[in-house]
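Single-structure report; data block below.
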Amino acid sequence: MTTRWGILATGNIAHKLARAVVASDTSELVAVGSRTQAAADAFGKQYGLSRAASHGTYDALLEDPNVDVVYVSTPHPMHAEWTIKALEAGKAVLCEKPMGVNHPEVMAMVETAAFHGRFLMEAFMYRTHPQTAKAIELIRDGAIGEVRQMNMSFGFASPFNPQGRLHANELAGGGIMDVGCYPVSMARLVAGEEPDALVGFGQLSPTGVDAWACALLNFPSGAIARLSTAVQLSLDNAVEVFGSAGSIRIATPWMGSRPDGRWSFELSRGGKRERIAGKTKPLYVHEVDTVTEALEDGALESPYMDWEDSLGNARTLDLWRREAGVRFDFEKPERRTVPVHGRPLAVRRKAIPKSEVAGVGKPVSRLVMGCDNQPDILHASVMWDNYFEYGGNTFDTAHIYGGGRMEQLLGTWMANRGIRDDVVVIGKGAHTPANFPDRVGPQLDVTLDRLGTDHIDLYFLHRDNPDVPVGEWIDVLNAERSAGRIRAFGGSNWSLSRVQAANAYAVAEGLTPFAAVSNNFSLARMVDPVWKGCVAASDAEWRTWLEAEQMALFPWSSQARGFFTNRFDAIRAASRSDVEARYGNQPSDAELVRCWFADDNFERRARAVELASERGVEPINVALAYVLSQPFPCFPLVGPRVLAETRSSLAGVGLTLTEDERRWLNLETNSS
């Protein structure tokens, strides 16, 4: 197989890759794309390309049918946009490091590769070199014992130029992003795990990027890594790994071989020093050939730098930058006006169906995005853009989530995208201990201000207060509806008797009743309330009433908070007697045991696993399909924290269950 390469952008690193493609026995350089025709022509002429293969725009390169793989070598802030566009154009992609400016960008790139089934690799060329492979082999084989400490650096001195790529804030300059990503990558590779703590420092230049910086990483195994980087300071650019029984020192870890192809590093063990050496082809040729090998194998990822590795590296770089005080102006909330692919937000995949809910006035997506776990606007934007492009338009938040931070993030995102009229906003208020009718209005004032809107499409009382007559709740909600501040309303965590009483009062008084309920509902029975005051609507009485009334249900914990995922197996493997001791410091695991572990739920899970195997899906997809297949309007809330979890939920949307299967899963029959 001969892989046909197109190079996108024509900077210095593009020439290194072009020379490697020409030198490779597995590849051929067939096209180049630049921002100007003159630059493309000059680059193409240097490597023997015709003018027809020298494209004056990046888009033209992506449209070239002769190109199999695109090497994205733009400045850092353009990596995500053009990698995504190349993947969507059906090309495999080798993206120059760092893959994205931040973890959310890398998530979006990886998700696009997964969706389109295309190869994607981050271009850490040293990862593909035999020297790196040999060093890691020795470490894994215990040549230096247990890894205890690492010293790694990559830095150089360059003249300060506020407009230059290395120093400009708008180009994501600075040492951490340009070359600090190498020691971060190597430390994680050597440790074989992700760091659980990072302390970082940096000296910032007048442009706000790091001129030089250091970081200390701690790993769960006990290993510690000391990392250094710079763009205004020359460093030794070496790797040292110290173990309980020896050490390894690589003098040239990043560039690998000398010009003659020879490489070597020092191994010290048993009081003796050894020289590990070899000879191989040029560094970048290894990288080029690695891509061809993966494509020949039909792989979407490279074993030298897979997607989880790139995601982990991006997370660590984000932490280092945050610790060092490096923030790029284009990452500020007001600058995040378009998705990372650079195009206006629009529905592109149409995977999530919609239904009507009385009073809302616009279609409501059957899968609702929970807005309660987004750390910042960068992460939130990528998550919500992706959901919207799948056809999702309904967002669930509450006055108390994140102390109000979640409402602010959702409001910023809606304003940045200009899509308030296209989405359904679910808001909640009057949570314990403030669950009194006179708190609804003041809280709603704050919520609307945070969201930057004049109304909530569907408003839920977040908790019930049984000491308050239902009529008082109905009166205040109708007053807010009449004022135009809410369109429809209901109760979250209300008992069936209280919902029935509230609606009876509304009918008797000629007022608008509850349009929906938001209680827990899932295939797994909630054994113990997740939080005090939580109410489930999963029993037969609730289901019968919801079906008869055709009342809309917006269930939270619709997938039982991980009960149907692989986490269940690890937790249940522990004996019942010591599970609390082993997981006492992990509330989410303890919560899973407390709230969902019961014999009837174990049987439901076993049936979900069986049906999932028959259908070729995951058990969690079956659990979601169960909720969606109820004989009443059901709009499950999901809370994905990464894009892969959103994709997993979508598999449940596309899974149809028969009535017999639904009843069998819920233990109502013995056969499906």
> Charged N to carboxylate O under 4.0 angstrom, Arg188 versus Glu193?
Replying inline: no
>> Just verifying a value: how many Å separate Leu8 CG and Lys91 NZ, rounded to the nearest 0.5 Å?
In response: 11.5 Å
>> If you compare all heavy atoms of Val67 against all heavy atoms of Trp5, which two are closest, and at what distance to 0.1 Å?
In response: CG1-C, 4.3 Å
>> Counting neighbours of CD on Glu111 that are heavy atoms of other residues, nucleotides or ligands and sit closer than 6.0 Å, is the number greater than 12?
In response: yes
> Rounded to the nearest 0.5 Å, what separation is found between the SG atom of Cys95 and the CE atom of Met78?
Replying inline: 11.5 Å
>> Tell me whether Lys16 at atom NZ has more than 12 heavy atoms from other residues, nucleotides or ligands lying less than 6.0 Å away.
In response: no
> Is the CZ atom of Arg348 crowded by more than 12 outside heavy atoms at less than 6.0 Å?
Replying inline: yes
> Where is the tightest heavy-atom contact between Leu624 and Pro636, given as atom of each residue plus distance?
Replying inline: CD1-CG, 3.8 Å
> Sub-3.5 Å donor-acceptor pair from the side chain of Ser649 to the main-chain atoms of Glu645, do we have one?
Replying inline: yes
>> Test side-chain hydrogen bond (donor to acceptor under 3.5 Å, both in side chains) on Thr74 and Tyr58; report intermediate values, then the result.
In response: CA-CA 10 Å; Thr74 63; Tyr58 297 154; over 6 Å; no
>> Between Phe156 and Leu166, is there a side-chain heavy-atom distance shorter than 4.5 Å?
In response: yes
> What distance do Met121 atom CE and Leu300 atom CG have between them, rounded to the nearest 0.5 Å?
Replying inline: 14.0 Å
> Got a sec: does the CG of Asp141 have more than 12 other heavy atoms crowding it under 6.0 Å?
Replying inline: yes
> Strictly by modelled atom types, are His286 and Thr280 linked by a side-chain donor-acceptor pair under 3.5 Å?
Replying inline: yes
> Side-chain donor-acceptor pair under 3.5 Å between Tyr390 and Ser365, yes or no?
Replying inline: no
>> Please check if the number of heavy atoms outside Arg258 that lie under 6.0 Å from its CZ is greater than 12.
In response: yes
>> Any non-hydrogen side-chain atom of Val291 less than 4.5 Å from a side-chain atom of Phe119?
In response: yes
> Going by an N to O cut-off under 4.0 Å, is there a salt bridge joining Arg4 and Glu28?
Replying inline: no
> Under 3.5 Å, is there a donor-acceptor pair between the Ser153 and Ser228 side chains?
Replying inline: no
> Going from CG on Leu217 to CG on Leu198, what distance comes out if it is rounded to the nearest 0.5 angstrom?
Replying inline: 4.5 Å
> Just checking, is any N or O donor in the side chain of His341 or Glu389 under 3.5 Å from an acceptor N or O on the other one?
Replying inline: yes
>> Tell me whether Arg343 is salt-bridged to Glu88, with the criterion being a basic N under 4.0 Å from an acidic carboxylate O.
In response: yes
> Distance from Glu96 atom CD to His79 atom NE2, nearest 0.5 Å?
Replying inline: 6.0 Å
> About how many Å separate OG of Ser381 and CG of Leu409, when rounded to the nearest 0.5 Å?
Replying inline: 8.0 Å
>> Taking the ring of Phe124 and the ring of Tyr304, is the distance between their centroids below 6.0 Å?
In response: no
> Counting only heavy atoms not in Arg615, do more than 12 sit closer than 6.0 Å to its CZ atom?
Replying inline: yes
>> With a 3.5 Å distance limit and no angle check, can you tell me whether Trp307 reaches the backbone of Met107 through a side-chain donor-acceptor pair?
In response: no
>> Are there over 12 heavy-atom neighbours, none belonging to Asn12, within less than 6.0 Å of that residue's CG?
In response: no
> Does a salt bridge link Asp59 with Lys85, judged by any charged N lying under 4.0 Å from a carboxylate O?
Replying inline: no
